[in-house]
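Everything on this sheet refers to the single structure shown next.
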Amino acid sequence: PFTAKCLKSGMTVEVAEGQSLLQALLDAGVDMDYSCEGGVCGTCVVPLVSGQVEHLDEFLMEDEQEDQMITCVSRGEGEIEIDV
Ligand code: FES
(Lines give C-alpha, C1' and ligand atoms only; values in the text may rest on other atoms or scores of the structure.)
Protein backbone atom coordinates (compact mmCIF):
# COMPACT_ATOMS: atom_id res chain seq x y z
CA PRO A 1 0.00 0.00 0.00
CA PHE A 2 1.03 3.60 -0.51
CA THR A 3 -0.41 7.09 -0.19
CA ALA A 4 -0.80 9.69 -2.92
CA LYS A 5 -1.32 13.32 -2.03
CA CYS A 6 -3.15 15.05 -4.86
CA LEU A 7 -2.00 18.64 -4.85
CA LYS A 8 -4.51 20.09 -7.31
CA SER A 9 -7.62 18.50 -5.81
CA GLY A 10 -6.40 18.62 -2.22
CA MET A 11 -7.22 14.95 -1.71
CA THR A 12 -5.11 12.19 -0.23
CA VAL A 13 -5.80 8.70 -1.53
CA GLU A 14 -4.71 5.43 -0.01
CA VAL A 15 -3.85 2.79 -2.59
CA ALA A 16 -4.33 -0.75 -1.36
CA GLU A 17 -2.30 -3.75 -2.44
CA GLY A 18 -3.90 -5.15 -5.58
CA GLN A 19 -5.47 -1.80 -6.46
CA SER A 20 -4.06 0.63 -9.01
CA LEU A 21 -3.43 4.29 -8.29
CA LEU A 22 -5.71 5.00 -11.26
CA GLN A 23 -8.54 3.05 -9.63
CA ALA A 24 -7.99 4.75 -6.28
CA LEU A 25 -8.12 8.17 -7.97
CA LEU A 26 -11.30 7.29 -9.86
CA ASP A 27 -12.88 5.95 -6.66
CA ALA A 28 -12.02 9.24 -4.95
CA GLY A 29 -13.81 11.16 -7.69
CA VAL A 30 -10.75 12.50 -9.51
CA ASP A 31 -11.51 13.05 -13.19
CA MET A 32 -8.99 10.80 -14.92
CA ASP A 33 -8.57 9.87 -18.58
CA TYR A 34 -7.45 6.32 -19.23
CA SER A 35 -7.61 3.66 -21.89
CA CYS A 36 -5.46 0.53 -21.88
CA GLU A 37 -5.00 0.11 -18.10
CA GLY A 38 -1.91 -1.87 -18.98
CA GLY A 39 0.84 0.73 -18.91
CA VAL A 40 1.27 1.12 -22.66
CA CYS A 41 -0.93 3.93 -24.01
CA GLY A 42 0.16 6.79 -21.71
CA THR A 43 -3.34 8.24 -21.36
CA CYS A 44 -3.36 8.02 -17.56
CA VAL A 45 -0.08 9.89 -17.00
CA VAL A 46 0.10 12.43 -14.17
CA PRO A 47 2.77 14.93 -13.08
CA LEU A 48 4.89 13.50 -10.26
CA VAL A 49 5.93 16.15 -7.75
CA SER A 50 7.76 14.16 -5.09
CA GLY A 51 8.32 10.68 -3.77
CA GLN A 52 9.78 7.37 -4.86
CA VAL A 53 7.95 5.54 -7.62
CA GLU A 54 8.39 2.06 -8.97
CA HIS A 55 7.79 2.64 -12.69
CA LEU A 56 6.14 -0.47 -14.15
CA ASP A 57 4.89 1.00 -17.43
CA GLU A 58 6.15 0.58 -20.98
CA PHE A 59 5.43 4.17 -21.96
CA LEU A 60 7.62 6.75 -20.21
CA MET A 61 11.22 7.33 -21.21
CA GLU A 62 13.72 7.23 -18.38
CA ASP A 63 14.10 11.01 -18.20
CA GLU A 64 10.32 11.44 -18.15
CA GLN A 65 10.05 9.18 -15.12
CA GLU A 66 11.59 11.89 -12.97
CA ASP A 67 8.47 14.04 -13.05
CA GLN A 68 5.66 11.89 -14.47
CA MET A 69 4.04 8.60 -13.63
CA ILE A 70 1.63 6.18 -15.26
CA THR A 71 -1.16 5.64 -12.76
CA CYS A 72 -2.63 2.38 -14.04
CA VAL A 73 0.44 0.26 -13.29
CA SER A 74 3.17 2.19 -11.47
CA ARG A 75 3.30 2.31 -7.70
CA GLY A 76 4.57 4.70 -5.10
CA GLU A 77 6.66 3.82 -2.08
CA GLY A 78 5.36 5.32 1.16
CA GLU A 79 3.95 8.70 0.28
CA ILE A 80 4.10 10.42 -3.07
CA GLU A 81 2.77 13.74 -4.34
CA ILE A 82 1.09 14.06 -7.71
CA ASP A 83 -0.39 17.13 -9.36
CA VAL A 84 -3.96 16.07 -10.04
FE1 FES B 1 -2.90 3.21 -20.77
FE2 FES B 1 -2.49 3.78 -18.19
S3 FES B 1 -4.36 3.69 -19.23
S4 FES B 1 -1.02 3.56 -19.77
Side-chain angles (χ1 to χ4, degrees):
F2 63 98
T3 303
K5 286 182 79 172
C6 305
L7 300 184
K8 220 176 261 173
S9 57
M11 274 190 277
T12 299
V13 299
E14 303 288 337
V15 187
E17 216 59 59
Q19 181 188 35
S20 67
L21 172 55
L22 173 65
Q23 194 57 59
L25 291 168
L26 290 170
D27 287 351
V30 179
D31 191 19
M32 290 289 298
D33 289 330
Y34 62 96
S35 174
C36 73
E37 291 187 77
V40 293
C41 73
T43 311
C44 68
V45 70
V46 296
L48 174 65
V49 178
S50 73
Q52 284 295 112
V53 170
E54 188 184 0
H55 292 276
L56 300 169
D57 64 279
E58 312 269 323
F59 180 79
L60 292 177
M61 307 305 286
E62 211 166 308
D63 60 324
E64 296 174 320
Q65 294 179 345
E66 285 166 26
D67 59 2
Q68 300 175 58
M69 78 178 285
I70 294 290
T71 56
C72 65
V73 292
S74 296
R75 308 194 67 80
E77 291 165 16
E79 183 174 294
I80 62 170
E81 291 183 311
I82 54 178
D83 201 22
V84 294

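Heavy atoms only: backbone and side chains are in, while hydrogens, waters and symmetry mates are out. Every number for a ligand or one of its atoms is a count from 1 in the order of the listing.
By the rule that hydrophobic residues join a cluster once side-chain heavy atoms approach within less than 4.5 Å of another member, L21 and L60 end up as members of separate clusters. By the rule that hydrophobic residues join a cluster once side-chain heavy atoms approach within less than 4.5 Å of another member, V49 and I82 end up as members of separate clusters. L48 and F2 fall within a single hydrophobic cluster, where Ile, Leu, Val, Met, Phe, Trp and Tyr are joined by side-chain heavy atoms under 4.5 Å apart, directly or via other members.
Protein nitrogen, oxygen and sulfur atoms, that is N, O or S, within less than 2.8 Å of atom 2 (Fe) of ligand 1 amount to 2.
Using a distance-only test at 3.5 Å, with no hydrogens or angles considered, no donor-acceptor pair links the side chain of Q68 to the main chain of Q65.
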Indicate every side-chain donor-acceptor pair of residues 6-18 with a distance under 3.5 Å to a residue at least two apart or in another chain.
{"unit_1": "S9", "atom_1": "OG", "unit_2": "V84", "atom_2": "O", "d": "3.3"}
{"unit_1": "E14", "atom_1": "OE1", "unit_2": "T3", "atom_2": "OG1", "d": "3.0"}

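Within 6.0 Å of the CD atom in E58, the count of heavy atoms belonging to other residues, nucleotides or ligands does not exceed 12.
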